[in-house]
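Each remark here refers to the structure printed beneath this line.
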Amino acid sequence: MNGNSTSSDWDGRYFHVDQILDKAGPRTDESFVPGDQVKDFLRNNCKILVIGAGGLGCEILANLALSGFKDIHVIDMDTIDISNLNRQFLFRQKDVGKPKALVAAEFIMNRVPGVKVTPYYGKIQDKDEDYYMQFNLVVCGLDSVEARRWINATLVNMVDPENPESLKPLIDGGTEGFKGQARVILPTVSSCYECSLDMLNKPTAFPICTIANTPRLPEHCIEWASVLEWPRVYGDKKLDTDDPEHIGWLYDVASKRAKEFKIEGVTWSLTQGVVKNIIPAIASTNAIIAASCCNEAFKIATSSAAYLNNYFMLIGTEGVYSYTFEHERRKECPVCGGESLDISIRKDWTVERLIEMLVEKQDIQIKKPSLSTPTKQIYFQAPPQLEQATRPNLEKKVSELVEEGGEITVTASTLPFNLSLRITYT
Amino acid sequence: MAQPDSQELGQATTAIHSRAQPDNKTRRYDRQLRLWAASGQSALESSRTLVISASATATSILKNLVLPGIGHFTLLDPNTVSPADAGNNFFLNGYASIGKNRAEEAVPLLTELNESVDGKASIKSVDELLRTDEGRQWIKDFSLVIAHNLPKDTLESLSSLLWEDLINPPLIVVRSAGFLADFFIQFHEQCIIEPHSESFPSLRLTQPFPALVEWADSIDYDGLDPTEHAHIPFPIILVKQAQKWRAEHGGELPKVYKDKQLFKSQIKDLQKKLDEENFEEAEAQVWRITSDVLLPSEIKELFSLTPLTTSTDPSNAAFHALLQTLKLFVESPEGPRCLPLTSTLPDVHTDTESYVRLQRMYKEQAGKEAALFKKILSETYPDKPVDDSMVDLFVKNTHHVKCLRGRKWGSWEEDKSAIVESLEVYPKETSTHLAISALWSLQAKGIDVTEEALTADILSQLPAGTTLPDELDNAIGELTRAPTADLPNTAAFLGGMIAQEAIKMITKQYVPVNGYCVVDLVDTWTGIVGRA
Ligand SMILES: [Zn+2]
């Protein structure tokens, strides 16, 4: 490469990055050897996976490419929507409707010569451990809690203490409006995504009785339209929140109800916001968070400087406030903790009540849990026959099925792990 | 299943929703309009930003301003693209751009991100512009100026020029090297009607208006059936209980911990059955009685703030007129002797009818007070009409409004005792800022960047005998390692940070940073020193 400039690589290209790779800094680990070897690893051997090609993903891909990563893979299951264009800067109007992963990969390869981006248009769950094992690092820019829990659990499960290569650092970013966070997860070593689940904002949930009987806010009318009226009128037909016709129908129904109850404030934008659970998103916040994720990826891949330990939180609404701290592992974490979670319930609680509690519990966040003990099935959500067979248990008291100190295993189709509860009664 | 019903609904209402459906522009900007609304968007669209230097950091900043749709930008840079630029700047055409002008190469790749943005390249040098009246005027005609990694001397002339007159645009000074950076917004005054603060305005339950009192008085807990009892809105419960407490305690409200607990338990005892959510809510909202703030001290302080001069930005002049009107409103015997009432209620656990009734009461009372406010405004400022929508917005936000006063870039450093104190209180943040300033100073003097030279320069700026904190070693070590590196990730990070601040300055929504924001991307932290 030296003295050999072509349009796909040229002398002086890495002048800026090489200032870091040619010399250690005061907070660089002793194991760092400056010079050609680390550059060669970064540019010719390091394989990195980016999950998500949306708001964070576009930024992440560009930053990694400029930092010198040359073998980048990207997974995304979405197609481009017009509302992405205010921040997802690798997409243009003409790309609306096309898969994000494909368009993003092509854009990066055109703009940053010599970088190979391999896209996969699909779900992370389509891929197995062998696939994830090929990467040195995983950077995650997702807006879905479920997908993050999945990749987190998958990477934790992959760790084989005998094989250091099996530990894949996971760098995760997330944003909401002017706020965001970036974190470094070393599976089984540092706090994992599941360990910090209770830090998430509780999603606003409106009780069904309010929606049905005592609506007060425009949101209640919109929920009435989408949760109660849509299935009543359309039966099994699925509500498609991306279909303007469907949103229009909800908007009309909600407006009518609002008028009837003298409630003000139902708008198209609010209707869409409520049913799609839209989170405000801007280019600048994504840029900050994606940059910190890529900066950590660069430091970890090259050992050129200390890296984030392990959580960076930013609030940009009032000045610039940030907080860097070490999030602690939770020993009862169902993914990386190994200990079962102690749950204390009343002796007269039914299985149904316990399920209700699990669904509401902030550090568990499970949607449709199935319950069993080592010897018997308590309740299964699927398949239908099993659901039917175990349904009578819903009304039974937990204490009739599980002895004091006994264990319940909780599973859910959305989670790639089991949660183990130790039940005590009060 | 129920097919006719849906058709009926569909036909009856097609016309409504087809009118409400957003246009393409609203759809494109949907995720940001949910933050700064149409008013913020139109402020962005009428802004004109000058960015000096087409570095990787500068183009990253611009990218994050072009995407949300600023009106116009000019990118100023006389330099040609070097092989290093082609390697670290996403908004250049790689190898093909080498040797061409940096600004001219970058601008098409930036404007391509959003066709509604007008962008221009200028190949002039800022030093030349600063030397002529015409050039200086050209710079002053922008609404915001952002400068990345300009030499010390240039920064000093530029900041002096823009500080000279109140009507000149704010200046954002950005300096970065390797993993370290700082930035500063130079402005005289930033008046913010919508800071989007997350605190709640008072519902005025400790000083209830007549309609609230009437409702509270009409409640006889024992005379209500269980459903009605479970639907008394919490503000009414609190007003009623506060009045009862006052009657029994010589007109005082619960102040000490013991009394607050007692007040709470009295509400709990009102529950007729377990889990009456309205009473539980009243208990949880007891702070609205015990810590009700009718006139926040920050707002009271603003009353004595004198406007800088009359020649200031017209919207700031209007803000000060509104502020003085607010003071008169609070003092007026016709008014509530506190801030105008908010018209927006939080959700309250009750039935629809009671909620709508309560909401209407608040709206009516707020409307009356807004009318008084407007009356005072027109009497006090008969010849200076303020835009009605601005008045409404101000009245709605009187609990939150802010007026920040800034300072000139570099003026903090003249206050040696402040620096010494800051070194003690914020050692790593202050060290990093001083180290970056020292790097700029060495580069201006043409001195080699070594740890010794940086330390010597820092010491020369401080009173004799000042001890430097250990944290300084981390900063000067990083700067000697990479004194001229514009790292892609640092550039992208700053690109986001500066764009956020620029958006806050332009929209006058949210609160911009006041002081130097210092960034360290080794341990990944940010901090603030030298607040005005
Ligand atoms: Zn964990």
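Numbered from 1 within each chain, the chains take letters A, B, ... in sequence-line order.
In this structure, the portion of A:I282 lying under 4.5 Å from any heavy atom of chain B is its side chain and not its backbone. Residue A:K299 touches chain B through its side chain alone, counting heavy-atom pairs closer than 4.5 Å. Contact of A:Y307 with chain B is made through the backbone alone, with heavy-atom distances under 4.5 Å. Interface remark: A:T28 contributes side-chain atoms only to the contact with chain B (heavy atom separation under 4.5 Å). Only the side chain of A:F107 has a heavy atom closer than 4.5 Å to any heavy atom of chain B. Contact annotation for A:E59: only side-chain heavy atoms (C-beta onward) come within less than 4.5 Å of a heavy atom of chain B. Only the side chain of A:L90 comes within contact range of chain B, with at least one heavy atom under 4.5 Å from a heavy atom of that chain. In this structure, chain A has a heavy atom under 4.5 Å from the side chain of B:K363, while its backbone stays farther away. Only the side chain of A:I278 comes within contact range of chain B, judged by heavy atoms closer than 4.5 Å. Contacts between A:A297 and chain B at a heavy-atom distance below 4.5 Å are absent for every atom of the residue. Heavy atoms of A:N213 lying under 4.5 Å from chain B belong exclusively to its backbone. Only the side chain of A:E296 comes within less than 4.5 Å of a heavy atom in chain B; its backbone stays farther off. Interface residue A:V112: only side-chain heavy atoms are found under 4.5 Å from chain B.
A:R27 and B:D520 are joined by a salt bridge, as a carboxylate oxygen and a charged side-chain nitrogen come within less than 4.0 angstrom of each other. Using a cut-off of 4.0 Å between Lys/Arg side-chain N and Asp/Glu carboxylate O, B:E353 and A:R216 are scored as not salt-bridged.
Note on B:A84, B:G515, B:G94: by heavy-atom pairs under 4.5 Å with chain A, the leading option is B:A84.
Here the side chain of A:N295 pairs a donor or acceptor atom with the backbone of B:L521 at under 3.5 angstrom.
A heavy-atom distance below 4.5 Å is found between the side chains of B:D347 and A:H220. Looking at heavy atoms from C-beta onward, A:E318 lies out of side-chain contact with B:E198 at the 4.5 angstrom threshold.
The aromatic rings of B:F90 and A:F89 sit perpendicular, their planes meeting at an angle over 60°, well past the 30° parallel limit.
The 12-atom threshold is exceeded at CD of B:E112, counting heavy atoms of other residues, nucleotides or ligands nearer than 6.0 Å.
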